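First the structure, in the form of structure tokens, and then the observations on it.
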Amino acid sequence: MKFLTIPLIIFLLGLTDAFAQDIILDSVPLTYSNIDYDIEGRLFINIAGKKIYENISEPEISIEKISGNPTGNDVGILLDFGNINFQGLVYYGFIPYGDSKHPHPVYFNSSAPIVNGKGFIEIARTMSGRYDMINWEKNQKGTIGYRVVNSRGDFLYDGIVTFKGKGPFEIVPTIIEGPFINLLTHEGVTISFTTNMEISASVEVNGKKYNDEKSRVHEIKIRGLDPSTEYEYVVHYGENIQKYSFKTSPLPGSRTPFTFAYASDSRSGNGGGERDMYGANFYIMKKLMALAIYNNAAFIQFTGDLISGYQQWKQQIELEYANWKRAVQPFGAYFPIYVGIGNHEALTREFSSEEGYNISIDRFPFNTESAESVFAENFVMPENGPVSEDGATYDPSSKTVDFPSYLENVFYYTYDNVAVVVLNSNYFYAPSTNMLRYSSGGLHGYIMDRQMEWLENTIATLEADSNIDHIFITIHTPFFPNGGHVQDDMWYNGNNDYRPYVAGKMLEKGIIERRDQLLDIIVNKSGKVIAILTGDEHNYARTEISPQMERYPEAYFAKRIDLKRTIYQINNGAAGAPYYALEETPWTAWVSGFTTQNALVLFHINGEKVDMEVLNPDTLEEVDRLKLR
Ligand SMILES: [Fe+2]
């Protein structure tokens, strides 16, 4: 935090203390350039002597508002969206926990209007008798799922509310998000969920109850389990329970056959309905998760652009994450969903002017409002990655933290004889690429120095680990874009000039040189890396990264490297975002299987053998098949 300049402090001395205390500003990270506050405390960027001010607006929507703050009355549940101008519709129905392995709301035969920001779910008279499929009349409790729709018919949020009584109805502790299986190992797991109110909850596994502290966000660590064993777990919250199960991973290196799944890019698609649930393609995500579970996937890796994002407000991006998690939750209660960051996870500060300037940078303060920190708050991922870019040669100060954190957005995990390394090529990301020389910021597709060092060390560790046979690297942006992002990712139409800026200075290595340094690590310094799993381009395609493949522009003056062996780039950004077609590149001859159909990639691991199978989650047809090893 930083206080205002001296003239303003003198000015503020004349004001009340209370007002003066509100004027503490978030200090501008030293990694940015030309950005400061004016005497009135307004943030601006100085472009060639001209002040371009930050866009200041209020969040239009938040989970808190759109959930309608449910309250009970004598005959049902009232929803108040806190906005008199909000008109729309609520679809609702009981969630019959226990009736299906993957509980979803079963919608009732009528809906409730939202008039002047208020809606009402009538339970007592209409959802009773032949519509009471959860026995709420007898048990005097139940759970309702409700879908909030605006007057244009856009789906905004799927809420959950648990009630008690048969009139009057009382709102009781409700799991509004989760439970999710996280950080699964051969001996333990972390189960996470969010409740509508602060409660202390517990999870029961194998006859042992694990309690937590009073909170809305719950992360309960279970330890001391046996490998390759199926466990039922019971979540206790208030007077209710939910039951699911998980299977611990095999003892490392036991080389048991298993399958894992890969996809990315599920931000809202066109077509209406569940394809656009305020930020997420709910429809494809549900089908994709169901198909992964149906194929007994041990886990799924999902690398970037989960949501539409590019938001200025944390409240709005959190609603998008909530919708994505809601789509996958009925499946994520059984197996881990590992996520990586993409460009659409961007949470920014924006500056614009009438002359057409538009500058957008990773939001600060970094520790609470950067894209990276909000991503970490929303998921439970391994914490074994690098710390940040602090300490790199371009770190503007060794005394302060000047970069966002890599915590939970760069990491690796293992499952039996497989390791998956998750990278972040949208770190410190400033979406206004052509303005980087003014503002500074990270470049789409670029892996900065400390992250690359960590990758090199991690690969060396995994190469030396006799339990690991296969390493998959996953990163949102393709090394070799083929359709949709040939003008950026790690190619920029063959222009190596593109690179991040820190504190007004460009980094030493251009994007193509950095791509080559990464290839040198994962191809030449590794025998175990088998494939790079990418997204960003909304299609499925496989690229054979062979030593013979042409991978430089015609005029290229930086150092060229040789590759010692072949690996594959498996691109699967086909989880619901709008499609891109195939484009011409120097490596087009090495690309095959390209399709704009929705796709789920399955890797079947059997000791030393790795087979890839690609299925369409919508039609269930086979898309591609390849023997990788
Ligand atoms: Fe992307």
Side-chain angles (χ1 to χ4, degrees), residues 262-270 275-276 279-281 284-285 288 301-311 317 320-321 323-324 338-348 360-363 370-372 374-375 378-379 404 409-410 422-434 436 441-448 451 473-493 498 500 511 514-515 518 532-541 543 569-583 585 594 596 598-599 601:
Y262 173 68
S264 78
D265 296 77
S266 53
R267 65 182 167 93
S268 284
N270 244 327
R275 291 178 190 272
D276 177 11
N281 194 323
I284 293 298
M285 275 320 294
L288 201 118
Q301 173 62 45
F302 200 95
T303 312
D305 289 7
L306 287 62
I307 52 163
S308 299
Y310 278 105
Q311 293 281 8
I317 207 160
E320 298 193 26
Y321 282 133
N323 286 340
W324 190 86
Y338 289 97
V339 290
I341 224 166
N343 51 309
H344 278 264
E345 277 70 32
L347 179 59
T348 62
S360 169
I361 56 171
D362 196 5
R363 193 166 182 90
S370 63
E372 293 83 355
V374 177
F375 188 80
N378 271 276
F379 298 99
N409 62 79
V410 176
V422 180
L423 299 178
N424 177 1
S425 57
N426 284 100
Y427 175 77
F428 180 45
Y429 171 48
S432 47
T433 303
N434 293 325
L436 285 179
L443 178 77
H444 178 64
Y446 197 98
I447 299 292
M448 293 174 75
Q451 189 181 169
I473 307 285
T474 186
I475 180 169
H476 182 63
T477 52
F479 281 46
F480 300 99
N482 292 305
H485 282 278
V486 173
Q487 82 284 4
D488 50 54
D489 287 345
M490 293 198 192
W491 181 239
Y492 285 83
N493 285 325
Y498 284 88
I511 184 76
R514 181 49 43 108
R515 177 203 70 185
L518 294 166
I532 317 170
L533 313 181
T534 63
D536 204 22
E537 301 192 299
H538 308 153
N539 42 58
Y540 164 81
T543 305
Q569 173 180 283
I570 306 299
N571 192 76
N572 184 22
Y579 78 92
Y580 295 116
L582 184 64
E583 296 173 84
T585 62
F594 185 96
T596 55
N598 295 122
V601 177

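The figures that follow rest on heavy atoms only: side chains count, while hydrogens, waters and symmetry mates do not. This structure is a prediction, so every number in the text was calculated from the model and none was measured. Both counts, for ligands and for their atoms, begin at 1 and track the order of listing.
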Exercise for the section: Report yes if the distance between the aromatic ring centroids of Tyr579 and His538 is under 6.0 Å, otherwise no. Expected result: no
Practice task
Could you grab the protein N, O or S atoms closer than 2.8 Å to the Fe ion (ligand 1) for me?
Solution key: Asp305 OD2, Asn343 OD1, His476 NE2, Asp536 OD1
Problem - By ring-ring contact (aromatic ring centres under 6.0 Å, His included) - contacts of Tyr310 (at least two apart) - result: His344
Practice task
Only counting residues at least two apart or in another chain, list the ones meeting ring-ring contact (aromatic ring centres under 6.0 Å, His included) with Phe480.
Solution key: Trp587
Practice task
Give the minimum heavy-atom separation between Gln569 and Thr534, together with the two atoms involved.
Solution key: CG-OG1, 3.8 Å
Handout entry: Ring center gap for Tyr321 and Phe379 short of 6.0 angstrom
Key = yes
Practice task
Name all residues meeting the ring-ring contact (aromatic ring centres under 6.0 Å, His included) criterion together with Tyr427; count only those two or more places apart in sequence or in a different chain, and write none if there are none.
Solution key: Tyr406
